[in-house]
Undergrad: 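Handing you this structure, nothing more for now.
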Amino acid sequence: MPIRVLSQNLINQIAAGEVIERPSSVIKELVENALDAGATKIDVSVRQAGKSYICVADNGSGMSKADLEVCILRHATSKLPTDDLMNINFLGFRGEALPSIASVSKMIITTNNGVECWALHIDGGEVKKIVPASYVKGTKIEVMDLFYNVPARLSFLKTDRGEMSAIIDVVERIALCHPDKDFTLNDTLRLKATDKTSRVCDVLGRDFKENLIEIDAVKHNLKISGFISRPTYNKGSSATQYFYVNGRALKDKLLLGSLKASYMDVIEKGKFPVCVLWIEIPVFDIDVNVHPQKAEIRFKEPANVRGCIISLIRSYLSNVEVKANVIDLKNTFEDRGKITSNILEFSNELQRPLNVSESVQRGFGDNILPMSVNSETVAMDEVSSDDERLDYPLGVARGQLHNTYIISQVADGIIILDQHACHERIVYEKIKREIASGGIKKQIMLIPEIVELGEKKAGMLLEVKDELSSFGLEIEEFGGGAVIVREMPAILGDCDLQAFIKNIADDIDELNKAQILEDKMAMISKTFACHTSIRAGKTLTVEEMNELLRQVESCENAGQCNHGRRSYVKISLSDLGKLFDR
């Protein structure tokens, strides 16, 4: 079969398959073009979720007739003044978007540069006419019948509701990075120019404002600013994680992985923190020309970027003040009616004789306390309103329930603590400090362990033997694709050392070898902390409870156990009163 040169329009249609995946992709490209043109107001209109009509109008610089005539030619761009692909300072630069969109739709571009106004009509990539027009300064691009000439692509689109959801996400994602600009989308979304915090709250909701931690720091050649959520404020997916590098919205694996690693110690598995982070880095340290939709980039020093992000976020999380997770009872129940029905049901139960044991029916005058409460665990002394212990963040212990939960009194409510979860966090943070200071205890193997790995995996493991040594794992080459383990971290205890070494070898990544081990050691540390902490069911005296409260107050990440679950909660007096119609 002879080789033939494809037509320009077919080339554009092929490119459209990569760049223009769905209506939201069209809007992303056109809105970014508007921002590159200096627009401060961008209006987006769609019909049938963009399948039949898309319009993006801006008040940017506009184009001359000469520029309008060439703007739909492939690789024609005003955003690459030199041939240096490493010095890109615009959102667009390839000159692919307009010709790709025009090749699979009917398009009208109307533009006014303040001197002249013209309209260009294109049908399936073919220019039909260019005529004088009337329009305010700026550019309006209308896209009709998207994919009309490639109907197979239409069958892959989602329902109107699904496509509209993707369009809203694209507009919000871009709007978050440009709070100083106006954005509208039909009657669905109207975002007025404002400051960063207000824009974030407009998009993510006012409840995020109560749970955000503001970040603003510089480390090495990275400047990171924005907002992350408290560990207890999380979502079921990563949809509310927004990253921007030099003003470009990204869904980059390295950034998503760095955020996940940052919260590894404080968030429950399967939950995702919320974040809006702006990262500034010298343009020569990144390559943005690696993804058709420019949704990912390559970093010159990925390990350095990952390390900087993790250390910065962890430092902010560790410095968050000790604050109990406030339980709002109005959100605990679906509605007030459900609370009322529960109270009525309880009242009806009281009208009938209760089936309780003889020992419990005796009066309190006989000093019999309710089951699961030990007299040694109840504080019998009076706590006055001016008691200085109430000023502690976690207050003063008043009792223990089911030998598992500590009840603490504070000035404006009560706090309920899970004793195992709290002590587990304290032990884990101590282990982490030992590892970080290089003081992790080692254990010499009485009989060194030989692990068969194969030449490739043994070689990869031996490349990081120095990093392994810093974690207390001493290995040497044993020949024939095997390694010999002479020392191991004491915290491993009686673990399956063969399986542990093989898991490390399986997971080692050329880009981030040390972090793999660190993550595995963190997992082992958590397990060790879990098994050496105060267990649920252990009776504590009041003095022991108060000592635990003070240790929790001085512990990093104390609001969550090692698995990310709450370690204590607070119920305010006002909410308690609501339960009793006070």
Side-chain angles (χ1 to χ4, degrees), residues 20-29 31-32 44 46 49-50 91 156-179 183-186 188-191 196-215 224-245 247-264 266-279 291-297 306 309-310 313 316-317 331 560 564-565:
I20 310 303
E21 180 186 8
R22 57 200 300 193
S24 59
S25 304
V26 175
I27 291 170
K28 172 185 178 292
E29 297 293 341
V31 170
E32 287 183 346
V44 181
V46 299
L91 298 175
F156 288 96
L157 297 182
K158 295 183 179 180
T159 63
D160 285 0
R161 181 174 295 178
E163 293 300 334
M164 195 65 196
S165 176
I167 290 171
I168 293 171
D169 179 68
V170 162
V171 175
E172 287 183 339
R173 194 171 290 274
I174 296 175
L176 277 172
C177 194
H178 301 275
F183 292 85
T184 61
L185 170 60
N186 289 1
T188 306
L189 190 67
R190 293 186 179 276
L191 299 170
K196 282 186 176 181
T197 306
S198 299
R199 176 58 58 85
V200 167
C201 293
D202 288 342
V203 173
L204 296 181
R206 293 290 162 182
D207 56 336
F208 180 59
K209 186 175 183 179
E210 305 300 322
N211 293 279
L212 62 78
I213 303 169
E214 187 169 1
I215 286 182
I224 303 177
S225 61
F227 308 93
I228 58 174
S229 65
R230 290 177 178 272
T232 49
Y233 183 86
N234 49 63
K235 303 293 182 180
S237 74
S238 60
T240 50
Q241 295 177 353
Y242 301 91
F243 292 94
Y244 305 92
V245 175
R248 188 183 301 279
L250 300 173
K251 292 183 179 179
D252 189 82
K253 292 178 182 178
L254 184 141
L255 299 177
L256 290 168
S258 300
L259 182 70
K260 181 180 179 181
S262 302
Y263 278 82
M264 180 180 63
V266 295
I267 201 165
E268 189 175 355
K269 185 178 181 181
K271 298 293 183 180
F272 298 83
V274 180
C275 79
V276 182
L277 291 177
W278 292 274
I279 299 172
H291 191 277
Q293 298 177 11
K294 303 183 289 290
E296 296 181 12
I297 62 176
R306 189 178 195 272
I309 293 174
I310 292 173
I313 292 179
Y316 275 88
L317 289 174
N331 294 327
Q560 301 80 33
R565 295 186 290 271

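Computed from a prediction, not measured in an experiment: that's the story for all the values here.
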Undergrad: Can you spot which of Asn211, Val276, Leu317 makes a side-chain contact (heavy atoms from CB on, under 4.5 Å) with Ile228?
TA: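 Among the candidates, only Leu317 passes.
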Undergrad: Sub-3.5 Å donor-acceptor pair from the side chain of Glu163 to the main-chain atoms of Ser24, do we have one?
TA: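 Such a contact is absent between Glu163 side chain and Ser24 backbone.
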Undergrad: Of all the heavy-atom pairs spanning His178 and Ile174, show the shortest one and how long it is.
TA: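 Closest approach of His178 to Ile174, heavy atoms only: CD2-O, 3.3 Å.
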Undergrad: Which atom names give the shortest non-hydrogen contact between Leu204 and Tyr233, and what distance separates them?
TA: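 Minimum heavy-atom contact is O-OH, 4.3 Å.
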Undergrad: Please assess Glu29 against Ile20 for the test side chain to side chain contact (heavy atoms under 4.5 Å, CB included), listing each intermediate value before the final yes or no.
TA: CA-CA 9 Å; Glu29 297 293 341; Ile20 310 303; 4.3 Å; yes
Undergrad: Within this structure, what is the CD-CZ distance for the pair Glu32 and Arg248, rounded to the nearest 0.5 Å?
TA: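 CZ of Arg248 is found 6.5 Å from CD of Glu32.
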Undergrad: So, does Ser258 use its side chain to make a donor-acceptor pair with the main chain of Leu254 at under 3.5 Å?
TA: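 Yes, the answer is positive, given that a donor and an acceptor are paired below the 3.5 Å cut-off.
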Undergrad: Determine, step by step, whether Phe272 and Leu259 satisfy the side chain to side chain contact (heavy atoms under 4.5 Å, CB included) criterion, reporting the C-alpha distance in whole Å, the side-chain angles of both residues, the deciding distance to 0.1 Å, and the verdict.
TA: CA-CA 9 Å; Phe272 298 83; Leu259 182 70; over 6 Å; no
Undergrad: So Phe227 and Trp278, side chain to side chain contact (heavy atoms under 4.5 Å, CB included) or not? Walk me through it.
TA: CA-CA 9 Å; Phe227 308 93; Trp278 292 274; 4.0 Å; yes
Undergrad: Measuring from Leu185:CG to Glu172:CD, what's the distance to the nearest 0.5 Å?
TA: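 Atom-to-atom, Leu185:CG and Glu172:CD are 9.0 Å apart.
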Undergrad: What closest approach, in Å, do Lys196 and Ser225 show between heavy atoms, and which atom pair accounts for it?
TA: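 Closest approach of Lys196 to Ser225: NZ-OG, 4.0 Å.
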Undergrad: Give me the atom names and distance for the closest heavy-atom approach of Val46 to Asn186.
TA: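 Taking every non-hydrogen atom into account, N-OD1, 2.9 Å.
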Undergrad: NZ of Lys28 to CD of Glu21: how many Å apart, nearest 0.5 Å?
TA: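 If I round to the nearest 0.5 Å, the distance is 11.5 Å.
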Undergrad: To the nearest 0.5 Å, what is the distance between CG on Leu277 and CG on Leu250?
TA: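 Output value for this atom pair is 12.0 Å.
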Undergrad: Is the backbone N or O of Arg173 less than 3.5 Å from a side-chain atom of Tyr244, with the two atoms forming a donor-acceptor pair by type?
TA: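 Confirmed, Tyr244 side chain pairs with Arg173 backbone.
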Undergrad: Are Phe243 and Asp252 close enough that some pair of their side-chain heavy atoms sits under 4.5 Å apart?
TA: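 They are not in side-chain contact.
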Undergrad: So which atom in Arg199 and which in Ala175 form the shortest heavy-atom distance, rounded to 0.1 Å?
TA: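 Between these two residues, the closest heavy atoms are NH1-O, 2.8 Å.
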Undergrad: Walk me through it: do Phe183 and Leu189 pass the test side chain to side chain contact (heavy atoms under 4.5 Å, CB included)?
TA: CA-CA 8 Å; Phe183 292 85; Leu189 190 67; 5.8 Å; no
Undergrad: Please report the shortest heavy-atom distance between Gln241 and Leu256, naming the atom on each side.
TA: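 What the structure gives for the nearest pair is OE1-CD2, 3.3 Å.
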Undergrad: Going from CD1 on Ile279 to CD1 on Ile309, what distance comes out if it is rounded to the nearest 0.5 angstrom?
TA: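 Going from the CD1 atom of Ile279 to the CD1 atom of Ile309 covers 4.0 Å.
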Undergrad: About how many Å separate SG of Cys275 and CD1 of Ile213, when rounded to the nearest 0.5 Å?
TA: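 That separation rounds to 11.5 Å.
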Undergrad: Please check if the side chain of Arg22 supplies one atom and the backbone of Leu157 the other of a donor-acceptor pair under 3.5 Å.
TA: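 The answer is no, because no donor-acceptor pair under 3.5 Å joins these two groups.
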Undergrad: Tell me whether the count of non-hydrogen atoms from other residues, nucleotides or ligands lying under 6.0 Å of CZ in Arg161 goes above 12.
TA: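 No - once you tally the heavy atoms of other residues, nucleotides and ligands closer than 6.0 Å, there are 12 at most.
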